[in-house]
Protein chains: 4
Amino acid sequence: MAAETSKDLSMIEQSMVPELTRRGRRSRLALVEAAKRVFGSDGFLNARVLDIATEAGLSHGSFYTYFESKEEIFREVIDAVKVDMTRPVSTATAQEDPYETVLRTNEQYVAGYRRNAALMATFEEVCTFNREMAQYRASIREEYIARNSRAIRRWQALGLADASLDPRYAAIALGAMVDRFVYIWLVLGEELDEKVALETLTRLWIQGLGLKAPTGAGSAAVPASQRRAPGQKRSSRKGESDGK
Amino acid sequence: MAAETSKDLSMIEQSMVPELTRRGRRSRLALVEAAKRVFGSDGFLNARVLDIATEAGLSHGSFYTYFESKEEIFREVIDAVKVDMTRPVSTATAQEDPYETVLRTNEQYVAGYRRNAALMATFEEVCTFNREMAQYRASIREEYIARNSRAIRRWQALGLADASLDPRYAAIALGAMVDRFVYIWLVLGEELDEKVALETLTRLWIQGLGLKAPTGAGSAAVPASQRRAPGQKRSSRKGESDGK
Amino acid sequence: MAAETSKDLSMIEQSMVPELTRRGRRSRLALVEAAKRVFGSDGFLNARVLDIATEAGLSHGSFYTYFESKEEIFREVIDAVKVDMTRPVSTATAQEDPYETVLRTNEQYVAGYRRNAALMATFEEVCTFNREMAQYRASIREEYIARNSRAIRRWQALGLADASLDPRYAAIALGAMVDRFVYIWLVLGEELDEKVALETLTRLWIQGLGLKAPTGAGSAAVPASQRRAPGQKRSSRKGESDGK
Amino acid sequence: MAAETSKDLSMIEQSMVPELTRRGRRSRLALVEAAKRVFGSDGFLNARVLDIATEAGLSHGSFYTYFESKEEIFREVIDAVKVDMTRPVSTATAQEDPYETVLRTNEQYVAGYRRNAALMATFEEVCTFNREMAQYRASIREEYIARNSRAIRRWQALGLADASLDPRYAAIALGAMVDRFVYIWLVLGEELDEKVALETLTRLWIQGLGLKAPTGAGSAAVPASQRRAPGQKRSSRKGESDGK
DNA sequence: CATGAATGAGATTTCATTCAT
DNA sequence: AATGAATGAAATCTCATTCAT
């Protein structure tokens, strides 16, 4: 579900990049931006250092002036994604009712995910075979879980939420629901209506916890025409291999 | 959530492997079994054809007598996984109440996932970069979605479930929840108690849809001692690269 | 000075090369022979795996079927050199007088060195920057030292040799003299007369230890015409870099 | 054996470096001193221009203001070593007897070698693959040979030395002995006692030529405890590769 | 003079797949 | 059928040297 601050991987990086000239900083930045594009469209495995350098308008050897490896620049890219995803968009009013709170949070998560969908796909890719990235993602997930656990516990204490639910387990499950739903939608290309998607997720979340959702006025009615046959439509990804 | 039959990828294979001597069939089978072990412990990228052949007690080159590529044998392995996951364990009594129905289905899904956790991890890995596998998984997902959509629509028609929910969207979301939760648990190694996990998933599912769950008698209380700090513990996977 | 048996590096190798077909053995042998030629003419640093494979009539990837690295095949080449250098040419009659003994030994050493001069040069090259090779050479040297120390001690015990000399120090020094003299001669290309060279080395050795050398009948007289200005003439080495 | 003056390589350099400001001269000197340290500890191949510049407190690019290449600065370093090795330490009394003369010379050689052992190791390294350096070393060796040949011829003329020896061959051999002995000792790390080492070398030299050495009073007796198992111990060299 | 960014040649190594026996 | 030898594409990374500021 929601997003929050955490210790970034970038701390290490940032302390090591101080002494660069203006030109150097420009080149480094160009590499990072190029890496976002290349990783976003080719995935991690298919991305070549040469592609990134070329895309940045640099020679391939220059890459190594700024980064030690493809992994290192990927960490930096992902770190930027994380920062972007967790930027405190709306200073949510704490007084809102649970449904509104969850809805706002989901809206922000979707907005952030949408901005970074291609890179999130690549992040998932890397997490399947790279231990360090998997751990980084686990730490991000843990933040979400901790935050949501606290919210659930609070609602339980107020007698609003189902007390028989284990807050941590519920937080893991509901976080998984939102995260995976959005992945299916924005990465795998399942065509879904944003309004309906958000209302569905939020209502399931709220009702699942035993909280009260607003009566479904005109909420979730969707024209049948918007439903299509499933299947992957990752139009944003070019140059895919067939899995050598 | 639940599992069901579908057109297997294996159909193509099976029609192409008729003329095999007894010895040939034994070798082919040995390769598939070896591939399960190797893919399960090394992932797809790190698995080498040589390893599979050796594990099967065959020479390197013999592999290509039976399979055209690493992808092909992987498809066959995954197909076997799918068959195992969808085997109609309990012929569920249709009269059961929704909570029991969903609980049974989730139990079966977890049991199946547990039997194939290592290969499911590898399946996820491959789906991140291989279009064909991603589509295959999408088709499997679609079966689950279709089936669950129907169940939800039925419950809505009976006045049992929240009519304001779009059945397809809800089915996608709840399916994503179960699938991802189990992945976090059985693949990423989040240590969770099985009973609590199943009860949590089922209750969120049922209540999310506005159905009635049994009052949480002794259901979801978990000793705090069972909760641990998160983080990946995929002990079953050896030889992982760092993602070079 | 002299040569002798020792534990070869080859032991490890040989136990790992048993299961090769006739064709495989032929290829492997071709690689070793090619490596001798390439290392001999290009040195170690300038030799490329590709050159060796090509010289052996194989593709460059095939090299790695038989050897893990340039280092590994070099070890094998050097091991063959060592075996060739230490082959027990003449089972020297123990009764010979010291001068004759030393002369025979030096003759054999020179003969062996001459057969392997190009590779000895490369061996020296590698020993300057590779610890393992340096240690291997040190172990070979130690054999020579041990053997010569014993001989010197024996002669001292018989009252034939200067008792005030430390046998080990003398063995190191005299071994260094022969080894380096031959290197200057056969590797660096100092043009010297073989007969004079051997007599000079032997006489210095014998007299240095205080032993009796035969009166220099017609021994060491060399026409002045045979003496030329020094300077490197390593005609056998092509493709030398200028030390990039 | 001994050391002496010769035509330096540096002549060329010096004539090309006249127009340097005070600051320029300081930078250039800093580079040479830095190069001595870096070449001494890393060898030639492993030494990077970047390391030298950094060690000198200069930027990477500035190196090329003063030197055209790594080779060029190495030549200058080696030239300084040569000058240091051949500095006329003791104004030897010509009247001394041969043993004393040789002993003094060897003492000086050892002292010089000891001051420059790390760089002498690197010099040897470079000579194995760089023609120019090999020739430079050959020219230095030739000086030693010429000088010692003359000495031997003088002693033969005086009836002191074995007339059957060819002076040049003997000079080459005895020079090789001293040079290589000292290399084994000071570069390869063979642990030896200085006094015994010098007496052994000198006695072998003198007696080898048929000259009279002083009766070995307390000369070459060494406590057995000082003798250790051989093997390379080049503790002064860090960052050695394994010869990739 | 100094700087440090940019260049690019070059070599190693892996492994899926093909092929000759 | 089985074997295992042969192939070669591909990608990473290093570092001496050049160059623009």
Side-chain angles (χ1 to χ4, degrees), chain A residues 19-28 45-51 53 56-71 244, chain B residues 20-28 45-54 57-71 244, chain C residues 19-28 45-51 53 56-71 244, chain D residues 20-28 45-54 57-71 244:
Chain A
E19 350 76 339
L20 280 181
T21 63
R22 169 196 291 280
R23 186 192 188 197
R25 258 175 289 137
R26 205 189 318 138
S27 292
R28 194 177 196 285
L45 264 2
N46 286 331
R48 293 178 308 164
V49 167
L50 175 61
D51 297 333
L58 287 174
S59 88
H60 126 255
S62 294
F63 176 91
Y64 293 91
T65 305
Y66 301 101
F67 300 96
E68 292 221 316
S69 63
K70 200 163 82 160
E71 278 75 33
K244 270 230 181 160
Chain B
L20 277 184
T21 65
R22 169 196 290 282
R23 187 191 186 194
R25 260 174 288 136
R26 206 188 319 135
S27 290
R28 194 176 195 286
L45 263 3
N46 285 334
R48 293 178 309 165
V49 168
L50 174 62
D51 297 332
I52 296 172
T54 303
L58 286 175
S59 84
H60 197 175
S62 294
F63 177 91
Y64 290 87
T65 304
Y66 302 102
F67 299 96
E68 290 220 315
S69 66
K70 198 162 86 160
E71 279 74 33
K244 275 248 167 146
Chain C
E19 349 77 338
L20 278 183
T21 63
R22 169 194 290 280
R23 187 190 186 195
R25 257 174 289 136
R26 205 188 318 138
S27 292
R28 192 175 197 285
L45 264 2
N46 285 333
R48 293 178 306 164
V49 167
L50 176 62
D51 297 333
L58 287 175
S59 91
H60 126 254
S62 294
F63 176 91
Y64 292 91
T65 304
Y66 302 101
F67 300 97
E68 292 221 317
S69 63
K70 202 163 81 160
E71 279 75 34
K244 272 236 172 155
Chain D
L20 278 183
T21 66
R22 168 197 291 281
R23 187 193 187 191
R25 259 175 288 135
R26 206 187 319 136
S27 292
R28 193 175 195 288
L45 264 0
N46 286 334
R48 293 179 309 164
V49 169
L50 175 62
D51 298 332
I52 295 171
T54 304
L58 286 175
S59 84
H60 198 175
S62 295
F63 177 90
Y64 292 88
T65 305
Y66 301 102
F67 300 96
E68 292 220 315
S69 65
K70 200 161 86 159
E71 279 74 34
K244 276 245 168 147

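Each chain gets a letter, A, B and so on, in the order its sequence line appears, and its residues count up from 1. What you see is a predicted model, and the numbers here were worked out from it, not measured in a lab.
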Review point. If you find the nucleotide of DNA chain E closest to D:G24 and the one closest to D:H60, which residue's nucleotide is nearer the 5' end?
Key: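 Result: D:G24.
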
Exercise for review: For B:A47 and for D:R22, locate the closest nucleotide of DNA chain E by heavy-atom distance; then report the residue assigned to the nucleotide nearer the 5' terminus.
Suggested key: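 On the 5' side of the pair lies D:R22.
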
Using whole Å, what does the distance between atom [atom2] of nucleotide [N] and atom [atom1] of [X] come to?
{"X": "B:D51", "N": "E:dC15", "atom1": "CG", "atom2": "P", "answer": "9 Å"}
{"X": "D:N46", "N": "F:dC15", "atom1": "CG", "atom2": "P", "answer": "8 Å"}
{"X": "A:L45", "N": "E:dT14", "atom1": "CG", "atom2": "C1'", "answer": "14 Å"}
{"X": "D:R25", "N": "E:dC1", "atom1": "CZ", "atom2": "C1'", "answer": "14 Å"}
{"X": "A:Y66", "N": "E:dG4", "atom1": "OH", "atom2": "P", "answer": "11 Å"}
{"X": "C:E71", "N": "E:dA11", "atom1": "CD", "atom2": "P", "answer": "15 Å"}
{"X": "A:F67", "N": "F:dA11", "atom1": "CZ", "atom2": "P", "answer": "21 Å"}
{"X": "A:L20", "N": "E:dA6", "atom1": "CG", "atom2": "P", "answer": "10 Å"}

Practice item. Find the partner of F:dA5: check Watson-Crick (N1-N3 plus N6-O4 or O6-N4) and G-U wobble (N1-O2, O6-N3) distances, both under 3.5 Å, and reply none if neither fits. Key: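 By the stated definition (distances under 3.5 Å), E:dT18 pairs with F:dA5.
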
Review point. Does any nucleotide pair with F:dT14 by Watson-Crick or G-U wobble geometry, both distances under 3.5 Å, and what is it?
Key: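 Because both required distances fall under 3.5 Å, F:dT14 counts as paired with E:dA9.
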
Out of curiosity, [X] [atom1] to [Y] [atom2], how far, rounded to the nearest 0.5 Å?
{"X": "B:R48", "Y": "B:T54", "atom1": "CZ", "atom2": "OG1", "result": "8.0 Å"}
{"X": "A:R25", "Y": "A:S27", "atom1": "CZ", "atom2": "OG", "result": "11.0 Å"}
{"X": "B:L58", "Y": "B:Y66", "atom1": "CG", "atom2": "OH", "result": "7.0 Å"}
{"X": "B:L50", "Y": "B:F63", "atom1": "CG", "atom2": "CZ", "result": "11.0 Å"}

Review point. Between D:S59 and D:S62, is any side-chain donor less than 3.5 angstrom from a side-chain acceptor?
Key: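 Side-chain D/A pair, D:S59 to D:S62: present.
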
Return no unless some side-chain N or O of [X] is found under 4.0 Å from OP1 or OP2 of [N].
{"X": "C:S62", "N": "F:dT7", "value": "yes"}
{"X": "C:S59", "N": "F:dG8", "value": "no"}
{"X": "A:Y64", "N": "F:dC13", "value": "yes"}
{"X": "D:R23", "N": "E:dA2", "value": "yes"}
{"X": "D:R48", "N": "F:dC15", "value": "yes"}
{"X": "A:T21", "N": "E:dG4", "value": "no"}
{"X": "D:R26", "N": "E:dC1", "value": "no"}

Review point. Which residue, D:V49 or A:V49, contacts DNA chain F at a nucleotide closer to its 5' end, judged by nearest heavy atom?
Key: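 Nearest-nucleotide comparison on DNA chain F picks A:V49.
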
Check your understanding: Pick the nucleotide of DNA chain F nearest each of B:F63 and D:E68; which residue has the one closer to the 5' end?
Key ->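 Counting from the 5' end, the first nearest nucleotide belongs to B:F63.
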
Practice item. May I ask you to say what A:S27 touches in the nucleic acid, namely base, sugar-phosphate or nothing, with a heavy-atom cut-off under 4.0 Å? Key: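 Sugar-phosphate contact only.
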
Point to revise | Whether A:H60 and A:Y64 hold their rings parallel, tilted or perpendicular, with breakpoints at 30° and 60° | key: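 Ring orientation of A:H60 relative to A:Y64: perpendicular.
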
